[in-house]
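Contents: one structure, followed by commentary.
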Number of protein chains: 2
Amino acid sequence: MGKGADTRGMILDRALSLASTEGLEQLTIGLLAKAVGMSKSGLFAHFKSKEQLQLSVLEAASERFVRGVISPSLKEPRGEPRVQALFDHWLEWEAAFPGGCPYQTAIIEFDDRPGVVRDYLLETQRDWQDALTQAARIAVDEGHFRADLEPKTFAFQFTCLAIGYYQHKHLYRDGTSKTLTRKAFDQLLDSARA
Amino acid sequence: MGKGADTRGMILDRALSLASTEGLEQLTIGLLAKAVGMSKSGLFAHFKSKEQLQLSVLEAASERFVRGVISPSLKEPRGEPRVQALFDHWLEWEAAFPGGCPYQTAIIEFDDRPGVVRDYLLETQRDWQDALTQAARIAVDEGHFRADLEPKTFAFQFTCLAIGYYQHKHLYRDGTSKTLTRKAFDQLLDSARA
DNA sequence: TGACGAAACGAACGTTCGTACTATTGTCGG
DNA sequence: CCGACAATAGTACGAACGTTCGTTTCGTCA
């Protein structure tokens, strides 16, 4: 159980990069094998099907997301600072992948294709949305946000900005995306406060 | 030049639906041929390459977008009513495709892949962003929006909501997306007004 | 009606896809 | 150091990919 898990991890590392630029479907087994310097069959043995590979890639992404975004944000003070931290860490995390957030790509690819991949995406995205909603609710409780703020709506607006940032950055590539998104987010925070 | 253009149009019609659900790359020539009841080679003859087919599909989408969103909105009164119309027509237009806005899918697929398709996406998306910015600027001039509003930022926020709506709708499929998005948009309008 | 160009066809090209088998290598505990 | 077993490579498969080819059907006008 030693060596195998290591190579599997290395494969998923490389797969995450490829999936972020090419998508989960274009992430081909032959291509991935060449990228990590293995034979197609040798790599294939680690995952018993392409669908399992796709799922494993998303699970690896989840793990990184928790480690890079969720956990560090939970260490921040409750309320607005934590909301702000979630946003900051999201921006950082997105930049860690050459093709941007792998979830973004995967959701577009699979939101109309039923199966275990779509199910997994739905589940994790719900969790992320719940976490955001909860963070907003706490900010209300703490008195940072106005009492009549709807946490769910706030979470949606938050997510919209995150998605929009991703798209703007990768399409225009003019370096203005981060400033623009920060401005929009500050405005969102403004209207969320008392 | 009669018959050929007709079938070409019919092909692109079907292709638009398929591309919105499957993506421009998964929109396979063989699959499309089967969908329209033609032979692969017969269909292929209309476009001299797959890249040309993809480009033609996007051009067909552009045409529909102008006819369904831009033009009718320009008939509305200048200022906020026109901005509102742009948003309303966007929501309608998006619903006309089984897999949602074909641009959304295409941008995610091609934003990291240089070529004529990406170039075309960049160009049309810039046009759309410019149109939105211009509409916001007019609303400022008319006194509907506050004088210090930044039209470009507003256009970005607008687009973010549109993208977010698309994703929410197709992933969750719980029927709450439109209400949620309208609420967020109303809030955006509120903060844009005096 | 005959002829001619446009449009659609069927078959085949070489390549790559995901997956199934079998063989070879590598890594450890006795 | 060796046997067991995990890990990787090799080979082959049927199907689908984009593309090309030569041929056949269709539409139109002399």
Side-chain angles (χ1 to χ4, degrees), chain A residues 1-19 21-60 105-106 109-110 113-118 120, chain B residues 1-19 21-60 105-106 109-110 113-118 120:
Chain A
M1 177 69 73
K3 176 93 183 306
D6 280 1
T7 37
R8 199 187 126 105
M10 183 225 302
I11 291 171
L12 288 177
D13 241 45
R14 196 83 195 78
L16 261 173
S17 287
L18 272 174
T21 61
E22 311 291 333
L24 274 182
E25 205 63 40
Q26 312 288 11
L27 170 65
T28 233
I29 293 180
L31 215 81
L32 180 57
K34 195 152 292 182
V36 301
M38 283 183 67
S39 68
K40 245 173 65 169
S41 51
L43 188 146
F44 183 83
H46 283 272
F47 320 89
K48 298 169 304 182
S49 72
K50 168 142 201 199
E51 200 176 39
Q52 271 300 316
L53 167 64
Q54 293 172 329
L55 215 53
S56 302
V57 169
L58 288 179
E59 282 166 1
T105 316
E109 260 186 299
F110 284 89
R113 193 179 317 179
V116 290
V117 176
R118 194 194 121 87
Y120 182 81
Chain B
M1 177 71 72
K3 176 94 184 304
D6 279 2
T7 34
R8 200 188 126 105
M10 184 224 301
I11 292 171
L12 287 177
D13 243 44
R14 197 82 196 77
L16 261 174
S17 288
L18 273 174
T21 62
E22 310 290 334
L24 275 182
E25 205 63 40
Q26 311 288 9
L27 169 66
T28 233
I29 292 180
L31 213 80
L32 181 56
K34 197 152 288 181
V36 301
M38 284 183 67
S39 67
K40 248 172 57 168
S41 51
L43 187 146
F44 184 83
H46 282 272
F47 321 88
K48 298 167 303 181
S49 72
K50 170 145 200 199
E51 200 176 41
Q52 270 301 315
L53 167 66
Q54 293 172 328
L55 214 52
S56 302
V57 170
L58 287 179
E59 282 166 1
T105 316
E109 261 185 300
F110 284 89
R113 193 178 317 179
V116 290
V117 175
R118 195 193 120 88
Y120 183 81

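For the numbers below, each heavy atom of this structure counts, side chains included, while hydrogens, waters and symmetry mates do not. None of the values given here were measured: they were computed from a predicted structure. Quick note on labels: first sequence line is chain A, next is B, and so on, each numbered from 1.
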Atom CG in Leu43(A), atom NZ in Lys34(A): separation rounded to 0.5 Å?
13.0 Å
Could you check which residues of residues 23-31 of chain A get a heavy atom under 4.0 Å from DNA chain D? Sort them by number, please.
none
Regarding the side chain of Ser39(B), the nearest nucleotide among dG18(C), dC17(D), dG10(C) is dG10(C)
Separation of dC21(C) P from Lys40(A) NZ (nearest whole Å)
16 Å
Whole Å only: how far is the CZ atom of Phe44(B) from the P atom of dG22(D)?
16 Å
How long is the span from the CG atom in Leu53(A) to the CG atom in Leu32(A), to the nearest 0.5 Å?
6.5 Å
Rounded to whole Å, CD of Gln54(B) lies from P of dG18(D) at a distance of 9 Å
Any chance you could measure Ile11(A), atom CD1, to Leu16(A), atom CG, to the nearest 0.5 Å?
12.5 Å
Rounded to whole Å, please give me the gap between CG in Asp6(B) and P in dT28(D).
11 Å
Testing dT8(D), dA20(C), dT19(C) for proximity to the side chain of Ser41(A), the answer is dA20(C)
Can you tell me how far P of dT19(C) sits from CD of Glu51(A), to the nearest Å?
9 Å
His46(A) vs dT8(D): side-chain N/O to OP1/OP2 distance below 4.0 Å:
yes
Met10(B) vs Thr7(B) side-chain heavy atoms within contact, under 4.5 Å
yes
For the pair made of CZ in Phe47(A) and P in dT8(D), what is the distance, rounded to whole Å?
10 Å
Strictly distance-based, threshold 3.5 Å: is any side-chain N or O of Gln52(B) a donor or acceptor partner for the main-chain N or O of Phe47(B)?
no
Which is true for Ala45(A) with a 4.0 Å heavy-atom rule: it touches a base, it touches only sugar-phosphate, or it touches nothing?
base
Rounding to a whole Å, what distance do you find between Lys48(B):NZ and dC21(D):P?
15 Å
Compare side-chain N and O positions of Thr7(A) against OP1 and OP2 of dT8(D) and report whether any pair is under 4.0 Å apart.
yes
Do Arg113(A) and Glu25(A) have side chains that approach each other closer than 4.5 Å (heavy atoms only, starting at C-beta)?
yes
Can you tell me the distance, in whole Å, between the CG atom of Leu43(B) and the P atom of dA8(C)?
9 Å
From the candidates dT19(D), dC9(C), dA20(C), the one with an atom nearest any side-chain atom of Lys50(B) is dT19(D)
Partner residues of Ser41(A) under the side-chain contact (heavy atoms from CB on, under 4.5 Å) criterion, sequence neighbours left out:
Ser39(A)
